[in-house]
There are 2 protein chains.
Amino acid sequence: MEKIKQKDINRENLLNEGVALLMQQGYHGTGLKEILDAVKIPKGSFYNYFGSKENFAAEIISHYIEPYLVQLNGYLDESEGNALAALNRYLQEGIAELERTKFKGGCLLGNLMGEVGDTSEICRNALQVSLNSYRDVWEIGLSRAQSEGTIRSDKTAREMADLWVNAWQGALLRMKIEQSTAPLKQCQQALLGDFFKA
Amino acid sequence: MEKIKQKDINRENLLNEGVALLMQQGYHGTGLKEILDAVKIPKGSFYNYFGSKENFAAEIISHYIEPYLVQLNGYLDESEGNALAALNRYLQEGIAELERTKFKGGCLLGNLMGEVGDTSEICRNALQVSLNSYRDVWEIGLSRAQSEGTIRSDKTAREMADLWVNAWQGALLRMKIEQSTAPLKQCQQALLGDFFKA
DNA sequence: TAAAATAATACGACTGGTTGTCTCATTTTG
DNA sequence: CAAAATGAGACAACCAGTCGTATTATTTTA
């Protein structure tokens with residue numbers, strides 16, 4: 001039985017459109033109707049798939065982060081022997097993409113942490129899980145770079161990964177209001193190119 | 001003529017309540033009525049004071065950051081000879097306050113950068129100005145610490161101030177979803193206590 | 001200075017539109 | 001046939017913003 005269910009297609013479409021719209025307009029700034037119209041799915045179906053807008057948002061959060069985890073893991077797996085180079089390549093690719101989309105949106109996690117991080121328990125949880133798993137991948141990458149001698153070892157990889165994620169989130173916010181990827185490049189250079197260097 | 005106009009009192013009350021509510025619920029998550037009811041001011045008056053919700057939000061942003069600038073400048077002025085200690089004391093006070101308020105809200109600038117940073121031009125501008133002036137005060141403090149020999153001088157104070165502001169914004173977001181000031185303390189220790197040290 | 005004219009502010013009911021949620025008859029599916 | 005999925009619409013609550021009128025200040029005139 002390898003039948004592709006329409007329900008799953010619809011769910012996927014809704015999640016994709018949800019990611020795109022929530023990223024640009026935020027949770028409260030995006031109405032369900034807007035998403036529903038975009039993928040041509042009636043409200044009744046929506047409430048059959050997801051129980052509420054809040055649950056939907058929580059699923060969107062997990063759906064959003066997954067490709068980033070896959071991509072970063074991919075870069076790390078490919079480049080044997082130079083994890084630091086893989087991290088930098090991953091960032092370069094991300095920055096290029098943000099320039100292509102004219103800095104719109106930024107990071108959905110960062111935006112939603114600020115907007116609903118302390119009003120929706122469900123979303124808070126999803127955000128926590130997603131952000132931690134993203135941090136974990138960075139920790140692995142930095143740890144590998146440490147054993148390769150390109151990253152300093154007097155600080156734990158975990159500490160640096162946390163600092164990195166924080167600074168990157170801040171840089172993404174500043175990118176949005178400065179309409180420029182300069183904050184991102186500066187952040188990358190300051191940490192990966194300087195402070196974290198062996 | 002030192003008459004205190006009711007209009008100015010009302011404006012001030014609206015801005016204060018606006019800061020409090022926007023910080024917790026965000027821009028789209030907070031209705032004007034909610035603010036108006038809290039300070040008992042009718043709709044018509046509001047639109048007489050501010051032209052729109054968007055303009056109001058932009059004024060809220062400037063109104064929000066001012067006390068922080070004053071406070072940090074105050075700490076820097078007082079502690080002659082040890083700017084780094086002043087920065088740390090300022091942070092300690094801020095962290096204590098956030099613990100008192102149970103991590104609610106975080107930083108209004110960070111939250112609004114994410115939510116309306118690329119949808120409202122007026123707010124984007126206000127955010128940019130406010131964040132830059134905050135960064136500037138940090139630059140002054142770090143620069144003073146450099147000449148006092150407590151902060152490394154192989155990086156510019158401006159670079160470190162930018163990195164600091166970014167990392168701090170990220171740490172505030174993570175505080176919200178982890179419901180703990182641990183990310184803040186970790187951030188303070190990692191940068192002021194380690195990477196920035198002379 | 002007193003009266004009249006003008007301007008500024010205060011007010012809240014109201015508008016048109018949108019929100020998230022839910023109901024229910026119909027269709028599809030196992 | 002029974003259960004699940006679908007789709008269109010109903011619903012009350014809420015939204016930002018408007019408008020005509022009432023009140024208060026300020027300025028002009030005599």
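Quick note on labels: first sequence line is chain A, next is B, and so on, each numbered from 1. Quick caveat: nothing in here was measured; it's all calculated off a predicted structure.
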Without decimals, in angstroms, what is the distance between B:Y49 OH and C:dG12 C1'? 14 Å
Atom-to-atom span, CG of B:N48 to P of C:dA8 - whole angstrom: 10 Å
Among [options], the one nearest [X] by side-chain distance:
| X | options | answer |
| --- | --- | --- |
| B:Y47 | D:dG17, D:dC15, D:dA5 | D:dG17 |
| B:S45 | D:dC15, D:dT6, C:dC11 | C:dC11 |
| B:N10 | C:dA10, D:dG17, D:dA5 | C:dA10 |
| A:P42 | D:dG17, D:dG7, D:dT6 | D:dG7 |

With a 4.5 Å heavy-atom cut-off, do B:V116 and B:H28 have their side chains touching? yes
Over 60° means perpendicular and under 30° means parallel, so classify the ring planes of A:F195 and B:F195, tilted if in between. perpendicular
Closest to the 5' end of DNA chain C, once A:H28 and A:G44 are matched to their nearest nucleotides, is A:H28
For a quick check, tell me whether the side chain of A:K43 and the base of C:dT21 share a donor-acceptor pair closer than 3.5 Å. yes
Between B:E93 and B:Q71, do the side chains contain a donor N or O and an acceptor N or O under 3.5 Å apart? no
Any side-chain N or O of B:K53 less than 4.0 Å from the OP1 or OP2 oxygen of D:dA16? yes
Verify, without hydrogens or angle tests, whether B:R11 (side chain) and B:Y49 (backbone) share a donor-acceptor contact under 3.5 angstrom. yes
